[in-house]
Amino acid sequence: MGLGVVIGAGATIVALLVRWLPPKASEERYGIDRVFWFVTAVSIAIFAFVRAVILSSVPKFRVRPDDDSDGPPIHGHTGIEIVWTAVPAVLVTAISVISGVVLVQNDRAGTGHMNVNVTARQFEWSFTYPGQGNLTSAQLYLPRGRSVELHLTALDVIHSFWVPEFGQKQDALPGQETKLVITPTKVGTYPVICTELCGLGHALMRTTAIVMTPPDFDKWLRQQKQALKAPPGQAGKTVFANNGCASCHALKAAAATGTVGPDLDKLPAYAKQAGKPLEAFVKESIVDPNAYVQPGFPKSVMPPFSTLPKDQLDALVKFLITSSKGGK
Ligand code: CUA
């Protein structure tokens, strides 16, 4: 009894002192946390009850050293059976009702919300801003205090979008669009994590969500749109930077030094090796990277950038061609 009180007090202190969940950074997170703590409380109550019954049964019903007899036959107990069916039924119903209410509340984007298209593929995220000249980015930029409706799809297998600080998860499915509403409340940089086992690179399928003040966000949008309006060769440099190409590739013109993928300053030589005209080769390598993989580099590592809007794809191709030739 005394020991039980000590263990209980210790567990309570640990429960109260440890910050179990990441800080809240969206309005939707509050509802998700409510559901989380409700389910946790129910689980703790059931766990504690079952433990208590087991621990008190062990000394009470244990076999005495000289007792070789069988236990008494038991024919069940209607009363207890009704209780252990009814109580879980009520709890499970309560959990689904509370979750359903929160999901419906969280799904309301309200008027004046922004749309962002999210494309998931092995093993990258890509974000497109349809209201903003189809600006593309490998990071999710969001303004604080404005609802954003994410429209998610996947190009290959099922992925799942999750920013712990925002709370709710949503699957990204091939050939189908799912939605997720986020209303960021706090400026900061948060991890975007894939939470659906999607292949070998699943654990590395991460990017960042960057929440900015509305003026900073507008400034970022203006700069991006301006950069994309530049002549194709220059606009392509912005597309190159926005889509994270530099994390895997080297290219002098972009001061990129990645070594995971082929050195893009050598594109003309690679095209010759592949036996394809340079422009067609570069374009194909972006939208369908596995069509030709340069010997010495692993297959299926580069994700297809097939959702890149045409003008940005053309700008990127132009930039790559001119800068790789310029590097010669
Ligand atoms: Cu994508 Cu796991």
Side-chain angles (χ1 to χ4, degrees), residues 20-22 25-26 28-29 32 35-36 39 99 103 106-107 115-130 134-142 148-182 184 188-211 239-249 258-262 285-291 293 297-309 312-313 316:
W20 297 99
L21 302 180
S26 84
E28 292 73 20
R29 178 61 195 285
I32 294 292
V35 175
F36 176 84
V39 175
S99 307
L103 288 181
N106 280 3
D107 275 353
N115 289 305
V116 176
N117 295 334
V118 181
T119 308
R121 70 269 205 224
Q122 294 166 318
F123 298 98
E124 299 269 353
W125 296 99
S126 161
F127 306 95
T128 312
Y129 296 73
N134 277 329
L135 178 67
T136 54
S137 172
Q139 270 106 32
L140 176 59
Y141 289 87
L142 297 174
V148 179
E149 193 169 75
L150 302 180
H151 299 256
L152 302 107
T153 48
L155 297 184
D156 35 43
V157 297
I158 301 175
H159 303 269
S160 186
F161 176 94
W162 186 40
V163 175
E165 287 81 355
F166 294 161
Q168 200 169 325
K169 295 176 181 176
Q170 181 61 280
D171 278 3
L173 311 170
Q176 202 179 320
E177 190 190 279
T178 50
K179 286 180 189 167
L180 177 65
V181 173
I182 294 170
T189 300
Y190 310 102
V192 175
I193 299 168
C194 178
T195 56
E196 185 72 58
L197 183 60
C198 54
L200 272 182
H202 161 70
L204 302 173
M205 189 168 163
R206 288 170 171 242
T207 181
T208 43
I210 298 151
V211 177
V239 179
F240 186 89
N242 283 359
N243 288 282
C245 309
S247 55
C248 291
H249 293 287
T259 53
V260 176
S285 300
I286 295 168
V287 298
D288 184 12
N290 279 319
V293 178
F297 292 94
K299 249 183 149 30
S300 303
V301 167
M302 174 162 160
F305 285 78
S306 50
T307 53
L308 214 51
Q312 289 174 55
L313 175 63
L316 180 59

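Both counts, for ligands and for their atoms, begin at 1 and track the order of listing. The structure displayed is predicted, hence computed values, not measured ones.
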Hey, mind stepping through Gln122 and His202 against side chain to side chain contact (heavy atoms under 4.5 Å, CB included) and telling me if it holds?
-> CA-CA 8 Å; Gln122 294 166 318; His202 161 70; over 6 Å; no
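Contact detail for Ala154 and His159: the closest heavy-atom pair is CB-CD2, 3.8 Å. Across Ala120 and Met205, no two heavy atoms sit closer than the pair CB-CE, 3.8 Å.
Side-chain atoms of Asp288 and Ser306 include no donor-acceptor pair closer than 3.5 Å. In this model, a donor atom of one side chain and an acceptor atom of the other lie less than 3.5 Å apart for Glu177 and His151.
Residues Trp125 and Cys194 are in side-chain contact: their nearest non-hydrogen atoms beyond the backbone lie under 4.5 Å apart.
Less than 2.8 Å away from atom 1 (Cu) of ligand 1, the protein contributes these N/O/S atoms: His159 ND1, Cys194 SG, Cys198 SG, Met205 SD.
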